[in-house]
Amino acid sequence: MVRYYTICRMKTYQNFTQKSLFLCLCVTGLFLSTSCGKVTQDLSKATAIPSVDLSFTLQVSPVVESSKTVKIKSFSRENSPLFFQIQGIKTDGSSEELSCGKGLILSETIEDKNASGDVTIKTNYKSSSYTKSNIEIKRSNLSESYLKYQSNKNNWTIKSSKIKKAFPWYLVQAYSSKNSYRFKLLSGEIVTGNKLINLGEITTYDTFIGTLYRSIKSHKNMSFDKKTYTSIEKLYDKQFHLLLNAALPLNTIKKFNSKTPLFEFESDLNDTLLDLLNLVHTDKKESLSYLGKTEVTQILPKKAISHLNKTINKFF
């Protein structure tokens, strides 16, 4: 009788243990599944980087301008294909390609004969847009800029989608060869709080500022930061650029690759302007004195020097 009671008690204990174990496993599984769901959700939120869609225009000239310098008003239809790239500039000066594309202008000749037999020849222009891998696209997407030529306005329209907002600076580059280029330097603050921005035409003034940025890397004792960017635009404004009336510097890179473009400049003008910028930050009186030196007066026009004197006294 005792033995039977002991056996029953053991079976009851075993059943209780199995049920308890099963219940614990169920609770643990439910907890883990809930926790994993939260982790996945939190991670997705953490990795979601805000982006912005950008658009630009680039003026096109009907004919090639015959000039050995780069003092050109615009690209021509014959400067095809046109390449485009947006770089994100990090605080340490390094860069990351965010979007790129290629546009090609095609021409089609049409003969139109009227009732009297006279023939009129008309040329139509259209464009096609490609990725870096030469795949034709019909719209912009992540890392792919879409380029379209508008013959009625004689310009390129360029759209770049899903550009990450995680950079303090952006550099836009449009080029058809190593010495036919346009730059536009953007502050990260411009894209903050916006989802779609039309930045308009990439001008020669934008390019002038962009070449100064490019020259800072090789200039002694200079680094690029928010203060430098603000000072460049304040000191070398659009009026100064008009008075300067100077050609864009030639790209000194010997082997130019359109897929991985490099731009380097050896420019006495840019070196002079950056030297002045350095002095403005350290010694205003010395910067005004610098404008009267022979090496400066031989490079800068008198009207441009006079404008710089007024700007320094007003803003610095």
Side-chain angles (χ1 to χ4, degrees), residues 38-58 82-103 129-133 135 137-148 155-175 181-203 205-217 222-234 236-238 258-263:
K38 285 186 177 180
V39 171
T40 304
Q41 188 178 7
D42 290 344
L43 284 175
S44 65
K45 288 181 179 179
T47 56
I49 299 176
S51 63
V52 62
D53 294 348
L54 304 177
S55 61
F56 309 86
T57 60
L58 190 65
L82 176 72
F83 299 91
F84 184 82
Q85 182 190 60
I86 298 180
Q87 294 181 354
I89 309 298
K90 302 176 183 178
T91 52
D92 62 0
S94 62
S95 62
E96 176 184 336
E97 184 183 88
L98 303 177
S99 187
C100 65
K102 181 177 74 172
S129 186
Y130 301 87
T131 67
K132 184 181 283 189
S133 303
I135 299 173
I137 57 175
K138 299 299 182 182
R139 62 182 178 85
S140 174
N141 206 338
L142 179 65
S143 77
E144 298 171 352
S145 291
Y146 178 71
L147 288 73
K148 183 178 181 180
N155 66 14
W156 284 100
T157 60
I158 306 159
K159 295 182 179 180
S160 303
S161 300
K162 302 177 182 178
I163 302 300
K164 290 189 294 186
K165 291 186 177 181
F167 296 90
W169 313 100
Y170 297 86
L171 181 65
V172 178
Q173 301 184 145
Y175 54 94
Y181 59 83
R182 289 288 183 272
F183 299 147
K184 192 176 185 72
L185 186 63
L186 302 172
S187 168
E189 295 176 355
I190 293 177
V191 303
T192 301
N194 294 286
K195 293 184 178 180
L196 174 63
I197 307 176
N198 184 350
L199 292 163
E201 184 182 353
I202 304 173
T203 65
Y205 173 71
D206 296 326
T207 307
F208 162 67
I209 297 297
T211 63
L212 288 177
Y213 163 74
R214 283 291 190 193
S215 297
I216 285 176
K217 289 187 175 182
M222 280 207 76
S223 59
F224 186 79
D225 53 24
K226 184 177 180 179
K227 181 180 179 181
T228 304
Y229 176 76
T230 303
S231 297
I232 286 177
E233 288 201 322
K234 192 177 290 184
Y236 305 126
D237 57 15
K238 291 181 180 180
S258 59
K259 290 186 177 181
T260 55
L262 294 176
F263 294 91

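Bear in mind that the values here come from a model prediction, so they are computed numbers and not experimental data.
Judged purely by atom type and a 3.5 angstrom limit, S133 has no side-chain atom pairing as donor or acceptor with the backbone of I135. Side chain of N194 to backbone of L196: no donor-acceptor contact under 3.5 angstrom is found. With hydrogens and angles ignored, the 3.5 Å screen pairs a side-chain donor or acceptor of S231 with a backbone N or O of K227. Side-chain atoms of S140 come within 3.5 Å of backbone N or O of S161 as a donor-acceptor pair. A donor-acceptor pair under 3.5 Å is absent between the side-chain atoms of S51 and the main chain of K162, judged by distance alone.
Listed by chain and number, the residues in a salt bridge (Lys or Arg N to Asp or Glu O under 4.0 Å) with K164 are E96 (sequence neighbours excluded). Every residue two or more places apart in sequence or in another chain that forms a salt bridge (Lys or Arg N to Asp or Glu O under 4.0 Å) with K138 is listed here: E136.
In this structure, CZ in F56 is found 11.0 Å from CG in L147, a value given to the nearest 0.5 Å. For the atom pair W169 CH2 and E189 CD, the distance stands at 7.0 Å (nearest 0.5 Å). The CD1 atom of I89 sits 7.5 Å away from the CG atom of L185 when rounded to the nearest 0.5 Å. Atom CD1 of I86 sits about 4.0 Å away from atom CD1 of I163, to the nearest 0.5 Å. Taking CD1 from I158 and OG1 from T57, the interatomic distance works out to 8.0 Å, rounded to the nearest 0.5 Å. Atom OG1 of T228 sits about 11.5 Å away from atom CG of L212, to the nearest 0.5 Å.
F224 and Y229 have perpendicular rings, their planes meeting at more than 60° on a 0 to 90° scale where under 30° would count as parallel.
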(message) Is there a ring-ring contact (aromatic ring centres under 6.0 Å, His included) between F84 and W156? Walk through the geometry before answering.
(response) CA-CA 11 Å; F84 184 82; W156 284 100; over 10 Å; no
(message) The test is side chain to side chain contact (heavy atoms under 4.5 Å, CB included); show your working for I232 and I216 and say whether it passes.
(response) CA-CA 11 Å; I232 286 177; I216 285 176; 4.0 Å; yes
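The environment of NZ in K132 is crowded: more than 12 heavy-atom neighbours from other residues, nucleotides or ligands sit within 6.0 Å. The number of heavy-atom neighbours closer than 6.0 Å to NZ of K102, taken from other residues, nucleotides and ligands shown, is above 12. A 6.0 Å sphere centred on NZ of K217 holds more than 12 heavy atoms belonging to other residues, nucleotides or ligands.
The two residues Q85 and P261 make their nearest non-hydrogen contact at OE1-CG, 3.7 Å. Of all heavy-atom pairs spanning L58 and A174, the tightest one is CD2-CB, 3.9 Å. Across every non-hydrogen atom of S145 and I137, the tightest pair is O-CD1, 3.7 Å.
A centroid separation of 6.0 Å or more is found between the aromatic rings of Y213 and F183.
With K184 as the partner, the side-chain hydrogen bond (donor to acceptor under 3.5 Å, both in side chains) test is satisfied by one option alone out of T203, D206, T207: D206. A ring-ring contact (aromatic ring centres under 6.0 Å, His included) with Y181 holds for exactly one of Y175, F263, F83; it is F263.
In this structure the side chain of L199 never reaches within 4.5 angstrom of the side chain of Y170, judged on heavy atoms. In this structure, E97 and T260 have side chains that are not in contact, with every pair of non-hydrogen atoms separated by 4.5 Å or more.
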